[in-house]
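Each residue takes its place number in the sequence, starting with 1. Everything quoted here is computed from the prediction, not taken from an experiment. Counting starts at 1 for both ligands and their atoms, in listed order.
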Amino acid sequence: MKSRLFFSGIILCCLLHSNAQNSPHIPRLVRNGTYTQLIVDNKTFLIFGGELGNSSASSNEYMRPIWPKLKQMNLNTVFAPVYWELIESTRGRFDFSLVDTLIISARINKMRLVLLWFGTWKNSVSCYTPGWIKTSQQRFPRALDKNNIPQEILTPFDRNNLEADKTAFVALMHHIKQIDEKQNTVIAIQVENEIGMLPDARSHDEAANTAFHQAVPEQLLNYLQKNKGNLTPELDSLWKVNGYKTSGTWEEVFGRSLATDEIFMAWYYARFSNEIAAAGKAVYNLPMYVNAALNRPGWKPGQYPSAGPLPHVMDIWKAGAPSIDLFAPDIYFPDLKHWCDLYTRSSNPLFIPEIKFEAGVDAKAFFAFGNYNCLSFSPFSIESAEHPEKEPIGKTYDILKQVTHLITKYQPAGGVKGCLLEKDSLPKEITMNNYHLSIDHEYKLGWSAGAKDTIWPLAGCIIMSVGPDEFYVAGTGVVITFTSAITNRRAGFLSIDEGKFINEKWIAGRRMNGDQDHQGRHVRIPMGEYNIQHVKMYTY
Ligand code: DGJ
């Protein structure tokens with residue numbers, strides 16, 4: 001795709017003043033109480049995604065053989081970076097040719113895009129800023145560590161830094177609106193990438209030091225007072241120890257600690273990101289989120305990339321960045337449930353833009369969509385799959401696509417549950433409608449050769465209760481026994497059918513009885529098989 005669109009300063013200026021009205025059916029988030037849905041083409045949409053490795057989308061030629069792989073893995077959405085250094089290599093001259101090709105390719109392959117704004121910060125540092133920023137440090141100042149050593153990190157305390165990023169981001173949003181408003185290929189935007197301060201918990205540049213010794217902004221103090229009692233426990237205890245003060249400097253209100261340095265920095269990162277997002281949304285109001293590199297438990301602020309939208313500073317981000325719709329974890333640590341629980345506090349819907357692409361990610365997807373109001377799941381470096389046609393995540397996505405209408409219909413009222421099991425897991429006990437379900441790893445039956453292995457593959461499932469005595473179960477490697485929740489009644493299977501949904505219509509395949517349900521004892525999906533089973537129960 002050779003066409004290149006150059007926007008001169010004059011054209012950009014006109015674009016900046018164009019009508020910011022949005023078409024009513026652009027992708028949007030709809031909140032209903034604590035439940036959030038992503039609406040695309042006026043339908044609830046779940047992102048079965050994959051994020052590209054950082055450099056792949058910088059070359060159309062490199063991307064060409066990747067698209068068929070993504071299709072083979074049944075992705076409905078690709079997470080792809082937009083690189084500031086490449087769209088504005090000369091100040092004020094914009095080249096969106098890479099974005100255009102991404103959008104066209106996604107359309108050809110019937111996929112959506114989440115665009116990642118690699119702007120001021122990418123994994124803490126400012127490596128994607130254009131050369132004219134990097135080489136002009138007087139004009140675009142850096143964060144300093146406590147020894148006054150400049151970092152490869154632009155400080156968020158400087159107006160020039162903010163305005164330069166905002167100008168580029170706004171130009172990008174204008175461009176997306178112009179070429180995509182009718183087709184909605186781009187469904188969400190990530191603002192920056194893994195913002196985080198290193199090697200100290202806060203910057204020590206002059207503007208940062210001045211702000212640090214000023215009063216905590218009213219906006220934050222008001223938020224704290226309004227949400228007292230509902231703050232995350234980490235922030236609440238910091239505020240409480242210092243007597244729930246309602247005025248004073250950062251150290252007066254929160255005490256002198258690295259934790260205070262981090263929340264101070266989080267506030268200014270949040271304000272910066274908020275202004276970028278708000279300006280972009282004023283042009284084209286797509287859902288926008290910020291992602292976080294998770295903090296390794298036990299590490300101190302400054303040792304991990306600090307002050308991003310981490311669970312313990314989430315309230316600071318919520319207060320400082322109301323234009324950011326979601327705070328999203330990049331999950332590279334093993335305990336998925338732990339991180340999902342932390343990221344669903346305060347009604348933050350679960351949106352996973354990156355998860356480690358490793359064995360077991362298929363089971364994790366079933367769990368994430370089943371157990372949470374999960375809007376997005378997306379293994380990182382998805383194109384690295386060597387045999388995309390055999391990738392377990394592709395098989396999982398095939399299944400999850402088929403049952404999306406059931407998840408979105410029954411989840412708001414609690415009719416959907418998910419489960420993730422490893423070798424040492426206890427059976428998961430849940431109650432749905434008139435039945436208690438006990439879900440276990442299929443290897444526990446002892447029938448599989450793999451049961452003798454020291455490590456077992458992860459098993460996962462999603463269960464949808466669609467009527468008092470009716471369920472759909474999907475997943476891999478699980479065995480589920482049902483007992484009656486009604487006193488003095490026993491449960492039996494009326495029928496178990498394997499099958500598929502085609503355009504939301506159930507097409508039954510094999511009747512699963514005899515050995516397949518162990519003569520009426522349980523529902524079973526063998527490890528490594530991916531299927532949907534329609535279960536009808538009765539009691540006697
Ligand atoms: C998380 C970042 O957000 C990605 O861009 C990439 O650098 C991965 N880490 C690499 O593991």
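Between the side chains of S56 and E383, at least one donor N or O lies within less than 3.5 Å of an accepting N or O. Side-chain N/O atoms of N291 and N193 include a donor and acceptor closer than 3.5 Å. Side-chain polar atoms of S346 and N348 form no donor-acceptor pair below 3.5 angstrom.
Ion pairing of K364 with E358 is present here, as a side-chain N (NZ or NE/NH1/NH2) and a carboxylate O approach within less than 4.0 Å. A salt bridge between E386 and K69 is absent, with no side-chain N of the basic residue lying under 4.0 Å from a carboxylate O of the acidic one.
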Ligand 1: which protein N/O atoms lie under 3.5 Å from its N/O atoms?
{"residue": "ligand 1", "atom": "3 (O)", "partner": "N193", "partner atom": "ND2", "Å": "2.9"}
{"residue": "ligand 1", "atom": "3 (O)", "partner": "E194", "partner atom": "OE2", "Å": "3.3"}
{"residue": "ligand 1", "atom": "3 (O)", "partner": "E354", "partner atom": "OE1", "Å": "3.3"}
{"residue": "ligand 1", "atom": "3 (O)", "partner": "E354", "partner atom": "OE2", "Å": "2.6"}
{"residue": "ligand 1", "atom": "5 (O)", "partner": "N54", "partner atom": "ND2", "Å": "2.9"}
{"residue": "ligand 1", "atom": "5 (O)", "partner": "K122", "partner atom": "NZ", "Å": "3.1"}
{"residue": "ligand 1", "atom": "7 (O)", "partner": "N54", "partner atom": "OD1", "Å": "3.4"}
{"residue": "ligand 1", "atom": "7 (O)", "partner": "K122", "partner atom": "NZ", "Å": "3.1"}
{"residue": "ligand 1", "atom": "7 (O)", "partner": "N123", "partner atom": "ND2", "Å": "3.1"}

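Between L154 and I133, the shortest heavy-atom contact is CD1-CG2, 3.8 Å.
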